[in-house]
Enquirer: 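Before I ask anything, here is the structure I am working with.
Keep in mind that the numbers below use all heavy atoms, side chains included, and drop hydrogens, waters and symmetry copies. Not measured: the values here are computed from a predicted model.
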Amino acid sequence: MAIKKQRFMPFTYKMMIPYLLLVLLTDVLIGYISYSMLTESRTEMAETNIRTGMEQARNNIRYQMDEIQRMSDTLFGSLPFQRALQKKGDRLDIYLTMMDEIVPQLKSPLQLFGNNIRFMLYTLNSDLNIVSGDNLEEPIKDSDYYILPFEDIAGTKWYQALKDSERDNIWIQIDTDQKLGNISHIRRLVSFSDYKTVIGYVRITASLGDLLGGFSAFPVEDGVTLRLIDQLTGDPLYQSGTAEQGDTQESYLSLHEKIPGSDFVIETLVPHTYLTRDAGRLQKVILGVCAISFIVMTFIGFIVARLSGRKMSRIVGLVRSFQEGNFQKRIRFSGNDEFVQIAAAFNLMAINIQELINSVYVQGIQKKQAELEALQAQINPHFLYNTLSTINSLANLGEIEKVTGMVQGLSRFYRLTLNQGNVYILLKKELEQVETYLEIQRVKYADAFTIYVDVDPDILDMQIIKLVLQPFVENVFKHAWFGETIAIRLTGKRIGDRIELKVIDNGIGMRPETVRKLMTGPTQAGGYGVKNVDERIKLRYGDAYGVTIASIYGAGTTVQLLFPADVRDRNDADESTTS
């Protein structure tokens with residue numbers, strides 16, 4: 001019986017485990033605390049810096065929005081400007097009015113405002129001259145003013161929505177503002193006479209990037225994203241950065257700063273990776289230091305355990321040799337300590353185990369041989385009984401010549417069966433034995449059966465255990481006969497490292513349940529020799545070999561026998577030579 005090899009740990013090494021676990025736990029605790037403190041500090045610092053930048057951006061955009069608001073207030077409250085917008089009459093008078101009252105009030109804010117803007121005046125007075133300015137489809141490059149006809153905006157969606165509502169003096173993105181990153185301030189101009197009649201619209205467009213100011217406090221290249229959100233709609237009016245609209249706080253730290261006096265909110269999305277990148281570098285350093293510390297302490301512990309555990313290692317080596325089945329090895333210690341007593345006990349145990357294994361092994365060989373001899377002994381009387389029964393029947397019928405022929409054939413058959421006491425027989429001798437059996441049957445059945453032999457010549461001199469084909473040929477005559485004649489075919493060939501023999505007949509065949517009963521043991525229909533042959537083959541060669549039966553009821557039966565190619569058990573070979 002093989003001894004299962006088990007893993008073990010020397011006692012001296014076990015003594016080092018609590019110490020190493022304590023070192024590891026301390027390293028992990030220090031590293032975790034350091035990492036947590038640095039991450040928290042870095043997050044607070046980054047959040048403070050970004051909030052400061054957001055406050056600056058808020059103040060900057062609020063200041064510039066107030067400036068633009070003052071521009072529109074100036075035009076809204078200027079009576080000369082309103083009269084000029086409603087001027088009718090001679091074109092020269094209108095031109096002079098524009099140059100004296102309208103254009104100066106449009107140009108002066110452009111010179112005072114710090115960033116580039118577009119100052120647009122949409123007038124309902126068709127007599128005023130049109131000033132088109134630069135292309136509204138392109139980004140703002142320089143400050144410019146426009147005097148445009150009301151018809152340019154009359155059909156737009158934003159105007160229709162504004163006209164039907166009471167909203168005025170608002171900030172909104174219209175036309176190409178969203179595409180260009182701009183925002184516009186829209187205000188109605190009404191007549192001073194009744195303060196109801198609309199005489200025009202003022203639109204002041206500025207770049208949101210300019211309104212928000214510089215982005216030095218927002219490291220966009222590190223993944224930080226700045227947005228300007230309209231609280232009423234929830235839509236982003238402006239974005240600088242790569243964050244997507246659906247990104248959540250699982251990936252980002254979200255900071256908000258409301259712009260007073262407006263519906264706008266500045267939102268900053270800070271990636272958590274940006275917050276912890278410095279902590280990540282320190283984490284690597286801490287992990288490296290802890291790993292080096294742990295490796296050094298492990299090495300020291302190993303050396304100490306090695307020096308103090310040499311005797312134990314020798315005992316372990318002896319145990320391993322026992323696990324591998326080597327019981328010849330012995331161990332000797334000098335001195336008078338516990339290891340000497342352990343070594344003596346192991347040596348005595350090895351002697352006892354070796355004697356026990358030898359005893360069990362010999363008994364196993366004897367048991368195997370007894371089983372084989374018992375199975376072999378069962379075959380011969382079984383066949384002899386069947387043959388003598390046939391001879392008795394022929395004698396009762398007065399068939400003296402047939403009786404004589406069967407007795408002679410039976411003599412030759414048993415001479416081949418004895419095989420000088422050897423268990424193994426050449427395949428060609430086994431086939432000769434089958435032919436002898438068929439000669440006996442031919443006395444009884446005359447020419448009612450036909451035999452075909454197709455065996456490769458190169459396997460005829462290979463050895464198999466004897467009496468493996470005759471029981472299946474006998475079963476053909478006993479159970480497969482159907483009609484007046486029957487054909488039997490014997491084949492043999494080598495397949496890789498195996499020999500395959502087949503007994504094929506065109507008899508009545510068997511149903512699947514009959515085949516199963518044949519393979520499990522004797523039944524009322526026979527089959528004693530089938531199970532006997534299968535057990536003898538498996539007992540000799542192993543479960544990979546043996547008998548397989550394939551049969552179709554009404555179409556015949558094929559019996560397959562598998563053997564190793566000229567491989568014999570060493571003990572069996574010795575037995576055959578001494579028999």
Side-chain angles (χ1 to χ4, degrees), residues 64-138 140 142-177 182-207 261-262:
Q64 296 190 73
M65 289 173 68
D66 289 343
E67 287 294 313
I68 293 174
Q69 180 70 50
R70 281 192 290 270
M71 295 179 192
S72 66
D73 289 345
T74 300
L75 296 182
F76 184 83
S78 174
L79 295 180
F81 183 77
Q82 293 183 18
R83 290 192 185 97
L85 285 183
Q86 300 177 70
K87 178 73 174 179
K88 296 284 186 177
D90 183 67
R91 295 186 61 84
L92 179 59
D93 290 341
I94 292 176
Y95 174 76
L96 294 176
T97 300
M98 289 183 62
M99 297 303 295
D100 292 338
E101 298 294 341
I102 298 178
V103 173
Q105 295 209 50
L106 295 180
K107 291 180 64 176
S108 63
L110 302 181
Q111 299 172 355
L112 298 176
F113 196 73
N115 294 320
N116 295 326
I117 60 174
R118 286 172 175 160
F119 206 136
M120 287 169 274
L121 173 63
Y122 295 96
T123 176
L124 278 72
N125 187 354
S126 59
D127 291 345
L128 294 181
N129 295 328
I130 302 303
V131 180
S132 58
D134 58 11
N135 190 355
L136 296 177
E137 300 290 333
E138 295 180 357
I140 301 174
D142 297 302
S143 294
D144 201 357
Y145 70 93
Y146 304 73
I147 301 175
L148 302 173
F150 169 74
E151 287 76 11
D152 286 0
I153 63 172
T156 60
K157 292 182 180 180
W158 67 264
Y159 171 75
Q160 295 298 327
L162 183 63
K163 179 187 69 172
D164 297 335
S165 69
E166 297 181 357
R167 298 179 64 197
D168 190 19
N169 200 19
I170 61 173
W171 290 87
I172 189 173
Q173 281 188 325
I174 57 177
D175 297 338
T176 60
D177 285 348
N182 298 333
I183 192 168
S184 296
H185 175 70
I186 305 295
R187 185 166 191 171
R188 292 187 184 96
L189 297 177
V190 296
S191 174
F192 66 90
S193 60
D194 57 6
Y195 294 101
K196 292 183 179 180
T197 303
V198 178
I199 60 175
Y201 288 86
V202 172
R203 174 184 174 185
I204 304 174
T205 302
S207 169
S262 71

Enquirer: Indicate yes or no for a side-chain donor-acceptor contact from S108 to the backbone of P104 under 3.5 Å, with no hydrogens or angles considered.
Expert: yes

Enquirer: If you round to the nearest 0.5 Å, how far is CD1 of I147 from CD1 of I130?
Expert: 7.5 Å

Enquirer: Working to the nearest 0.5 angstrom, can you tell me the gap between Q69 CD and S262 OG?
Expert: 11.5 Å

Enquirer: Quick check for you: to the nearest 0.5 Å, what is the distance between I68 atom CD1 and W171 atom CH2?
Expert: 3.5 Å

Enquirer: Check whether any side-chain heavy atom of M120 lies under 4.5 Å from a side-chain heavy atom of I204, and answer yes or no.
Expert: no

Enquirer: Please determine whether side chain to side chain contact (heavy atoms under 4.5 Å, CB included) holds for the pair L75 and F119, giving the CA-CA distance in whole Å, both sets of side-chain angles, and the decisive distance to 0.1 Å.
Expert: CA-CA 12 Å; L75 296 182; F119 206 136; 3.3 Å; yes

Enquirer: Does the side chain of N129 reach to within under 4.5 Å of the side chain of R91, using non-hydrogen atoms?
Expert: yes

Enquirer: How about Y159 and I186: do any of their side-chain heavy atoms sit closer than 4.5 Å?
Expert: no

Enquirer: I'd like to know if D175 pairs up with R203 as an ion pair, taking the criterion as any Lys NZ or Arg NE/NH1/NH2 lying under 4.0 Å from an Asp or Glu carboxylate oxygen.
Expert: yes

Enquirer: Determine, step by step, whether K87 and D127 satisfy the side chain to side chain contact (heavy atoms under 4.5 Å, CB included) criterion, reporting the C-alpha distance in whole Å, the side-chain angles of both residues, the deciding distance to 0.1 Å, and the verdict.
Expert: CA-CA 8 Å; K87 178 73 174 179; D127 291 345; over 6 Å; no

Enquirer: Can you give me the closest heavy-atom contact between L121 and L85, atom names plus distance?
Expert: CD2-CD2, 3.4 Å

Enquirer: With a 4.5 Å heavy-atom cut-off, do I102 and F81 have their side chains touching?
Expert: yes

Enquirer: Any donor-acceptor pair under 3.5 Å linking the side-chain atoms of K157 with those of Q160?
Expert: no

Enquirer: So do the side chains of L189 and Q82 get within less than 4.5 Å of each other, counting heavy atoms only?
Expert: no

Enquirer: Could you tell me the separation between the CH2 atom of W158 and the CD1 atom of I153, rounded to the nearest 0.5 Å?
Expert: 4.0 Å

Enquirer: Given 3.5 Å as the limit, does a donor-acceptor pair link the side chain of R188 with the main chain of F76, or not?
Expert: no

Enquirer: Identify, with sequence neighbours excluded, every residue that meets side chain to side chain contact (heavy atoms under 4.5 Å, CB included) alongside K196.
Expert: D194

Enquirer: What are the two closest heavy atoms between D152 and L148, and how far apart are they?
Expert: OD2-CB, 3.9 Å

Enquirer: E101 side chain to A84 main-chain N or O, any donor-acceptor pair under 3.5 Å?
Expert: no

Enquirer: Let me see the working for N169 and H185 under side chain to side chain contact (heavy atoms under 4.5 Å, CB included), right down to the final yes or no.
Expert: CA-CA 7 Å; N169 200 19; H185 175 70; 2.8 Å; yes

Enquirer: Does some side-chain heavy atom of Y95 sit less than 4.5 Å from a side-chain heavy atom of D90?
Expert: no

Enquirer: Taking all heavy atoms of L128 and all of T123, pick out the closest pair and write down the distance.
Expert: CD1-OG1, 3.5 Å

Enquirer: Rounded to the nearest 0.5 Å, what separation is found between the NZ atom of K88 and the CD1 atom of I94?
Expert: 7.5 Å

Enquirer: When rounded to the nearest 0.5 angstrom, what is the spacing between CG in L162 and CG in D168?
Expert: 6.5 Å

Enquirer: Would you name the heavy atoms of I117 and A206 that are closest together and state the gap between them?
Expert: CG2-CB, 3.8 Å

Enquirer: Are any of the side-chain heavy atoms of F192 and R83 separated by less than 4.5 Å?
Expert: yes

Enquirer: Do I174 and T156 have side-chain heavy atoms sitting under 4.5 Å apart?
Expert: no

Enquirer: Are any side-chain N or O atoms of N115 and backbone N or O atoms of S207, one a donor and one an acceptor, separated by less than 3.5 Å?
Expert: no

Enquirer: Near R167 CZ, under 6.0 Å, is it more than 12 heavy atoms from other residues, nucleotides or ligands?
Expert: no

Enquirer: Checking side-chain polar atoms at under 3.5 Å, does N182 have a donor or acceptor matched by the opposite partner on T205?
Expert: no

